Amino acid sequence: MHLRDLVASRLVEALNRAQSDQTLPSVPVPDAMVERPQNVDHGDFASSAPLKLARTMHMNPMEIAEKLAALVGTDQEISAVEVAAPGFINITIAPGWLQEQVNDILAQGDAFGSTETGKGQTIQVEYVSVNPTGPLHVGHARGAVLGSVLSSVLGAAGYEVSREYYLNDAGNQIDLFHQSLFARYLQALEKDGDMPDNGYRGQYLIDLGQEMAEIHGAKFFDMKSDKGAVALGAIGIERMIENIKEDLGSLQVGFDVWFSETSLYTDNYYDTVMKMLTDGGHVTQREGATWFGSSALGEEKDNVLIRSTGVPTYFASDAAYHYHKFVIRGFDRVIDIWGADHMGHIDRVKAVVGALGIDSGKLEVIIGQMVTLKRGGETVKISKRTGDMISLKELVEEVGSDACRFFFLARSADAQMDFDLELAVKESQDNPVYYLQYAHARLAGILSNAAEGGKTFDQGDVHLLSTPEELTLIRHLLMLPEVVDSIVETMEPHHLPHYTMELATAFHSFYDRCRVITDDEALTSARLKLCEAARIGFARCLSLMGMNAPDKM
RNA sequence: GUCCCAGUAGCUCAGUGGAUAGAGCGGCUGCCUUCUAAGCAGAUGGUCGCGGGUUCGAAUCCCGCCUGGGGCACCA
């Protein structure tokens with residue numbers, strides 16, 4: 001249990017006692033009992049519960065606050081409980097208890113920051129899942145970072161996390177890719193190759209066609225009918241997938257499972273789901289197509305499952321896919337991270353999940369809003385088909401993985417963002433990313449200097465850590481588990497970089513005011529302990545964000 | 001037309017019912033004989049898009065409007 005929950009439970013307990021002995025009237029307890037006040041003069045925690053209770057209790061809020069505050073009382077953990085007008089209760093954590101938490105952080109080591117919120121629960125996070133028909137671009141990078149950090153944080157909160165990439169290796173777009181690549185291949189062989197309408201026109205396919213011609217010669221041209229295009233296409237898709245993995249790797253993004261859409265068909269899950277939907281009375285035939293009757297479930301309209309051509313839509317695949325996630329693999333929760341262009345997809349997938357007898361509340365969809373790429377204020381158009389675009393690879397090469405991750409992560413997923421390449425590179429000289437990493441490097445430097453000087457800190461007395469800067473640093477370190485839990489609750493990982501910035505501010509201020517290695521051996525070892533605790537904190541934050549924690553800069 | 005998201009400091013963005021609205025970047029003033037100045041301290045900078053409403057209390061909730069982006073395909 002982290003600190004905020006601890007304090008909240010103390011308040012609830014006090015309220016319950018007051019109500020059971022008639023000191024205060026019995027009314028429902030407010031949801032939010034405590035918050036972190038903005039102003040440090042108001043203590044470590046503040047409760048506005050008396051103000052909220054005043055109406056239902058028909059009492060003066062100050063009177064409620066006085067009675068509650070008396071019942072909370074002080075002890076080893078809470079050193080002060082004060083009432084402030086017009087009805088706040090301000091709670092201060094005992095400095096002695098804060099100091100002892102430094103020992104606790106050292107004891108936890110790399111596990112510091114973890115919680116048990118998701119203990120015993122499995123959760124799947126599916127992200128990126130871009131069709132393997134072309135290179136990843138800037139917009140995909142946002143979802144990739146979002147998914148990877150969310151997965152890490154969920155892991156820190158005790159969930160058993162499975163990170164998944166859904167590979168759309170079936171369907172129209174794949175056929176189109178086969179034909180497009182075959183056309184480029186034929187062109188490379190200086191034969192007639194007609195690009196299909198809406199084909200993939202990017203430079204990458206021209207290059208790949210050229211390469212295939214060099215490696216394989218006319219082998220595929222000589223094959224009969226469409227077989228050449230399919231055989232070549234399969235090789236091409238493999239190559240695209242390799243490139244995607246490589247690009248994601250350069251951004252420190254990885255997956256546990258690469259799930260093949262085709263397997264839903266070859267392993268009959270598609271048939272199973274279609275039968276379930278049919279048996280459940282959710283399927284109708286109309287205009288030659290097969291429809292999912294979502295309008296009967298409160299949707300605006302029905303959705304096509306099987307086109308009049310007999311080819312299933314991606315929506316049909318998605319139904320089978322989510323059946324596989326929930327029923328076959330039995331995940332307790334599933335998070336899908338999609339781009340803004342999939343917004344209209346959410347309700348119907350939830351509807352079909354519900355129609356399959358699954359609690360659709362277990363499925364959560366996060367939409368990563370659009371990224372507008374700019375270069376010196378000029379908007380750079382992103383189009384997969386024209387080839388005029390900035391790929392994820394170029395982005396990482398230009399800006400660097402750490403800075404990319406930070407910039408994408410620091411913005412909330414549902415806000416559109418401008419990503420200015422010139423600005424990101426320019427700022428990287430004097431940039432928030434370095435502010436965080438510099439804190440870690442400074443700590444590592446102090447600790448290695450101490451080690452070289454033969455100084456140890458095992459016996460350090462944490463109660464010597466009494467300056468405001470030292471206590472502020474400890475306070476901020478102890479917020480990490482709260483941040484982890486609040487990210488899990490809101491599914492908003494952008495809180496992590498903001499928290500880490502605040503932690504860095506607390507540290508840099510400490511560094512400036514409190515020299516660690518001095519002639520005072522007792523104080524030196526106490527401060528070394530704090531430095532090690534802080535280093536553990538920064539290392540954990542940076543690791544959760546997938547960023548480097550350098551020992552030197 | 002309709003649904004969703006956004007509009008907060010010069011710029012990029014946090015803050016979604018509490019007390020004096022924050023950070024980074026840019027600009028201004030100070031601070032390096034001591035563990036890394038990629039740092040610290042301070043000052044300046046805001047009608048929280050606009051107008052109503054609810055509340056003891058609104059950037060935050062409700063209604064209307066304005067602006068920008070996206071969704072409403074037998075595309076993915």
Side-chain angles (χ1 to χ4, degrees), chain A residues 32 35 37-39 41-42 46-48 51-52 54-55 60-61 84-88 90 129-131 133 168 171-173 176 198 286-291 300-301 303-315 317-318 338-347 367 369-370 372 377 384 406-407 410-420 423-424 426-439 441-450 453 469 490 494-495 497-499 501-502 504-505 507-518 524 527-528 531 552-553:
Chain A
E35 65 216 41
Q38 290 178 13
N39 189 331
D41 295 339
H42 298 146
S47 176
S48 55
L51 288 159
K52 295 182 170 74
R55 174 176 295 270
N60 181 325
F88 292 103
N90 294 331
S129 299
V130 176
N131 281 3
T133 50
N168 293 115
N172 278 348
Q173 297 304 314
L176 199 56
N198 303 321
R286 199 162 66 238
E287 300 156 29
T290 303
W291 299 72
E300 274 187 26
K301 54 182 184 50
N303 292 283
V304 173
L305 286 162
I306 305 173
R307 300 180 183 91
S308 50
T309 58
V311 179
T313 61
Y314 274 63
F315 174 55
S317 295
D318 274 343
W338 297 340
D341 53 340
H342 285 63
M343 194 102 73
H345 206 54
I346 300 174
D347 288 341
I367 293 293
Q369 284 290 343
M370 303 284 289
T372 307
K384 201 173 191 174
F406 186 88
F407 283 124
R411 276 134 191 82
S412 94
D414 53 14
Q416 297 148 224
M417 66 178 283
D418 291 346
F419 196 114
D420 194 311
L423 212 60
K426 173 172 159 280
E427 280 187 6
S428 68
Q429 302 307 315
D430 195 13
N431 182 309
V433 176
Y434 294 98
Y435 189 73
L436 307 182
Q437 295 182 322
Y438 189 48
R442 274 182 150 178
L443 283 161
I446 293 169
L447 290 163
S448 80
N449 287 344
E469 288 78 14
T490 58
H494 71 270
H495 296 302
H498 290 281
Y499 161 73
M501 288 293 283
E502 284 174 22
T505 299
F507 165 71
H508 286 305
S509 179
F510 157 80
Y511 180 91
D512 198 56
R513 295 293 297 275
C514 306
R515 191 180 165 78
V516 176
I517 301 172
T518 63
T524 298
R527 285 183 171 168
L528 283 172
C531 284
K552 279 184 184 164
M553 284 175 71

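The structure presented is a predicted model; accordingly, all values stated were derived computationally and were not measured. Values below: every heavy atom of this structure, side chains too, minus hydrogens, waters and symmetry copies. Within every chain, numbering begins at 1; the chains are lettered A, B, ... in the order of the sequence lines, protein sequences first and strands thereafter.
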Which is true for A:D318 with a 4.0 Å heavy-atom rule: it touches a base, it touches only sugar-phosphate, or it touches nothing? nothing

Please work out if A:Q437 contacts a base, only the sugar-phosphate, or nothing of the nucleic acid, heavy-atom cut-off 4.0 Å. nothing

For a quick check of understanding: with a heavy-atom distance under 4.0 Å over all strands, which category does A:H42 fall into, base, sugar-phosphate or nothing? base

Taking B:C35 as the reference, what is the distance to B:G30 when you measure between their P atoms (whole Å, please)? 24 Å

Taking the P atom in each of B:C61 and B:C5, what is the distance between them to the nearest angstrom? 10 Å

Quick check against the 3.5 Å criterion: does A:R286 have a side-chain atom that pairs as donor or acceptor with the backbone of A:G288? no

Consider the side chain of A:K301, meaning its heavy atoms from C-beta on, and name the nucleotide among B:A73, B:G71, B:G39 that approaches it most closely. B:A73

I need a per-nucleotide contact map over nucleotides 1-6 of chain B, read 5' to 3'. Cutoff is protein heavy atoms under 4.0 Å; write B for the base, S for backbone only, - otherwise. ---BBS

Taking the P atom in each of B:A21 and B:C62, what is the distance between them to the nearest angstrom? 24 Å

Residue pair A:P86/A:R286 against RNA chain B: nearer the 5' end by closest nucleotide is A:P86

Looking across every strand, which nucleic acid part, if any, lies under 4.0 Å from A:A54 by heavy atom: base, sugar-phosphate, or nothing? nothing

Please classify B:C31 as syn or anti, treating any glycosidic angle within 90° of 0 as syn. anti

Note: A:M417 and A:R411 closest approach over all heavy atoms is CE-CD, 3.4 Å

Regarding the side chain of A:L51, the nearest nucleotide among B:C56, B:A19, B:G15 is B:C56

So what does A:T290 hit on the nucleic acid, given a heavy-atom distance under 4.0 Å: a base, only sugar-phosphate, or nothing? nothing

Can you confirm whether more than 12 heavy atoms, excluding those of A:R513, are under 6.0 Å from its CZ atom? no

Please report the distance separating the P of B:U44 from the corresponding atom of B:G22, rounded so that it comes out in whole Å. 13 Å

In terms of side-chain heavy atoms of A:H498, which of B:A14, B:U12, B:G39 is nearest? B:A14

Winner on side-chain proximity to A:Y314, out of B:G70, B:A76, B:A21, is B:A76

Can you check the distance between B:U67 and B:G26, where both ends of the measurement are the C1' atom (answer in whole Å)? 26 Å

Do you know the tightest heavy-atom contact between A:F510 and A:E469? CA-CB, 3.8 Å

Distance below 4.0 Å between A:N172 side-chain N/O and B:A76 OP1 or OP2: yes

Could you label the plane-to-plane angle of the A:W338 and A:H342 rings as parallel, tilted or perpendicular, counting under 30° as parallel and over 60° as perpendicular? tilted

Taking all non-hydrogen atoms of both residues, which atom of A:I367 and which atom of A:G339 are closest, and how far apart? CD1-O, 3.6 Å

Does A:R55 have a side-chain nitrogen or oxygen under 4.0 Å from the phosphate oxygens OP1 or OP2 of B:U55? no

Considering all heavy atoms, the nearest A:L443-A:C531 contact: CD2-O, 3.5 Å

Of the nucleotides B:A76, B:C13, B:G70, which one has an atom closest to the side chain of A:Q173? B:A76

Select base, sugar-phosphate, or nothing to describe what A:A289 touches, counting heavy atoms under 4.0 Å on all strands. base

Work out how far the C1' atom of B:A14 is from that of B:U60, and round it to whole angstrom. 13 Å

Counting any heavy atom closer than 4.0 Å, what does A:H342 reach on the DNA or RNA strands: base, sugar-phosphate only, or nothing? base

Within the side chain of A:S308, is there an N or O that forms a donor-acceptor pair under 3.5 Å with the backbone of A:A289? no

Quiz question: going by heavy-atom distance under 3.5 Å, is there a donor-acceptor pair between the base of B:A21 and the side chain of A:N39? no

Residues A:H498 and A:A410: closest non-hydrogen pair is NE2-O, 3.0 Å

Within the structure, does a side-chain N or O atom of A:S509 lie under 4.0 Å from either OP1 or OP2 of B:A41? yes

Taking the nucleotide of RNA chain B with the closest heavy atom to each, which residue, A:A84 or A:F315, is nearer the 5' end? A:A84

Nearest to the side chain of A:S308, heavy atoms from C-beta on, is which of B:U20, B:C13, B:C74? B:C74

Choose from B:U12, B:G70, B:C56 the nucleotide whose nearest atom is closest to any side-chain atom of A:D418. B:U12

Quiz question: going by heavy-atom distance under 3.5 Å, is there a donor-acceptor pair between the base of B:G18 and the side chain of A:K52? yes

Reading 5' to 3' and counting Watson-Crick or G-U wobble pairs with both distances under 3.5 Å, write the dot-bracket notation for RNA chain B, | for bases paired outside the strand. (((((((..((((....[...))))..((((.......))))......(((((..]....))))))))))))....

Contacts under 3.5 Å, N or O only, protein and nucleotides 31-37 of chain B:
unit_1 : atom_1 : unit_2 : atom_2 : d
B:U34  : O2'    : A:R515 : NH1    : 3.3
B:U34  : O2'    : A:R515 : NH2    : 2.8
B:C35  : O4'    : A:R515 : NH2    : 3.0
B:C35  : O3'    : A:N449 : ND2    : 3.4
B:C35  : O2'    : A:N449 : ND2    : 2.3
B:C35  : O2     : A:I517 : N      : 3.2
B:C35  : N3     : A:V516 : N      : 3.0
B:C35  : N4     : A:Y511 : O      : 2.8
B:C35  : N4     : A:C514 : O      : 3.3
B:U36  : OP1    : A:N449 : ND2    : 3.2
B:U36  : O2'    : A:Y438 : OH     : 2.1
B:U36  : O2'    : A:R442 : NE     : 3.1
B:U36  : N3     : A:M553 : O      : 3.4
B:U36  : O4     : A:M553 : N      : 2.8
B:A37  : OP2    : A:R442 : NH2    : 2.7

Of all heavy-atom pairs between A:S412 and A:D414, which one has the smallest distance, and what is that distance? OG-OD1, 2.8 Å

C1' atom, B:G17 versus B:C11: distance in rounded Å? 30 Å

Considering only atom P, compute the distance from B:G1 to B:U47 and round it to an integer number of Å. 32 Å

